[in-house]
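Single-structure report; data block below.
Position 1 is the first residue of the sequence; numbering continues from there.
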Amino acid sequence: MKLPSVVIADEERYVYYRPSPFIDLRIRPGDPIKPDSVTEKALRLNREVAEPRDARLFGVAYFGFSVPLSEAGRRRGAVTLVFPLADGERAALPPKGPFLTVWSRERWIPIDFEDVIFLEAQNRKTFVRARDVQGMHRESLSSLEASLPADRFARIHRAYIVNVRQIAEIHPYPHSALLLVMRDGSRLPVSRTYAPLLRQRLGF
């Protein structure tokens, strides 16, 4: 993996920049945050953002992965990793891609998307069950849904989103349209609202 450039910003300006030999956005500390940059979007939405940008902003196309920084519950800025693009495609990303960070047993734990089994709405936050860990994410299930990769995750119920690659079995179920048995043994109902979409998605 090629070394990324590193950008740290407060709410309005870039405060630190370390360019990479492979990509240089020519940012100077003190420059205002560019509108529609990955950093600006992460701050505006107050969530992780992983997206490509063309050369119009910085003169070079890039893929950015930006995470808001908070202290005592208050947003303070964001840190962004900047990767080069090859032939207009996403390139040089970390091997397992973006992640969710959960609070579990008095510490924060980053979880790769591929390890997530399911997400469950709980009291305006989200419970995340993964292969080796479980914990709470501060955002609601609906807020998280927009940031999850559509090729991996599917909404099955107003309270559940599942990683479709973690589904082990699908059963008819009397009180809902379907019942999913996940690879960890969890059993989750698919509501009649979402069942047609899941059937179409999985081709059955």
Practice prompt. Return yes if some donor-acceptor pair links the side-chain N/O of Arg13 with the main-chain N/O of Asp10 below 3.5 Å, else return no.
Written response: no

Going by chain and number, the hydrophobic cluster around Leu45 (ILVMFWY, side chain to side chain under 4.5 Å) further includes none

Hits for ring-ring contact (aromatic ring centres under 6.0 Å, His included) against Tyr62, two or more places apart or cross-chain, chain-then-number order -> Phe58

Sequence neighbours excluded and cut-off under 3.5 Å, please list the side-chain donor-acceptor pairs for residues 22-32, or say none.
| from | atom 1 | to | atom 2 | distance (Å) |
| --- | --- | --- | --- | --- |
| Asp24 | OD1 | Tyr17 | OH | 2.8 |
| Asp24 | OD1 | Arg26 | N | 2.8 |
| Asp31 | OD2 | Arg28 | N | 3.0 |

In this structure, CD1 of Ile117 is separated from CG of Asp132 (nearest 0.5 Å) by 8.5 Å

Sorted by chain and number, sequence neighbours left out, side-chain contact (heavy atoms from CB on, under 4.5 Å) with Glu11 holds for Leu43, Arg75

Arg105, CZ: over 12 other non-hydrogen atoms inside 6.0 angstrom | no

Distance-only donor-acceptor hits, side chain of residues 163-172, under 3.5 Å, sequence neighbours excluded:
| from | atom 1 | to | atom 2 | distance (Å) |
| --- | --- | --- | --- | --- |
| Asn163 | OD1 | Arg165 | N | 3.0 |
| Asn163 | ND2 | Phe113 | O | 3.4 |
| Asn163 | ND2 | Val116 | O | 2.9 |
| Arg165 | NH2 | Asp151 | OD2 | 3.4 |
| Gln166 | NE2 | Glu114 | O | 3.3 |
| Glu169 | OE1 | His171 | NE2 | 2.8 |

Applying side chain to side chain contact (heavy atoms under 4.5 Å, CB included) to Ile33 and Tyr14, what does each step give before you reach the verdict? CA-CA 6 Å; Ile33 296 170; Tyr14 302 112; 3.9 Å; yes

Worksheet entry | Side chain Ser104, main chain Gln134, donor-acceptor under 3.5 Å | yes

Please determine, by modelled atom types, if Thr80 and Ser66 share a side-chain donor-acceptor pair under 3.5 angstrom. yes

Flag if over 12 foreign heavy atoms under 6.0 Å of CZ, Arg158: no

Residues passing the side-chain contact (heavy atoms from CB on, under 4.5 Å) test with Ser142, sequence neighbours excluded, are Ser140, Arg155

Pairwise side-chain contact, Ile161 with Phe118, heavy-atom cut-off 4.5 Å (strictly under): no

ask   = Phe99 versus Glu48: any side-chain heavy-atom pair under 4.5 Å?
value = yes

Salt bridge (charged side-chain N to carboxylate O under 4.0 Å, His left out) filter on Arg76, not counting sequence neighbours, yields Glu71

With sequence neighbours left out, the residues meeting salt bridge (charged side-chain N to carboxylate O under 4.0 Å, His left out) with Arg56 are Asp54

Hits for salt bridge (charged side-chain N to carboxylate O under 4.0 Å, His left out) against Arg18, two or more places apart or cross-chain, chain-then-number order -> none

- Message: Between Leu179 and Arg187, is the side chain to side chain contact (heavy atoms under 4.5 Å, CB included) condition met? List the steps.
- Response: CA-CA 7 Å; Leu179 179 72; Arg187 301 169 72 87; 3.4 Å; yes

Short side-chain to backbone donor-acceptor contact, Thr126 and Glu120, under 3.5 Å:
no

Residue set satisfying side-chain contact (heavy atoms from CB on, under 4.5 Å) with Arg44, at least two apart, ordered chain then number -> Glu40, Lys41

**Message:** Applying side chain to side chain contact (heavy atoms under 4.5 Å, CB included) to Met136 and Arg138, what does each step give before you reach the verdict?
**Reply:** CA-CA 6 Å; Met136 298 299 299; Arg138 63 179 181 172; over 6 Å; no

Sorted by chain and residue number, the salt bridge (charged side-chain N to carboxylate O under 4.0 Å, His left out) partners of Arg129 (sequence neighbours excluded) come out as Asp184

Sequence neighbours excluded, the answer for side-chain contact (heavy atoms from CB on, under 4.5 Å) partners of Ala195 is Ala177, Leu178, Val190

Between Thr39 and Ala78 the two heavy atoms that sit nearest each other are CG2-CB, 4.3 Å

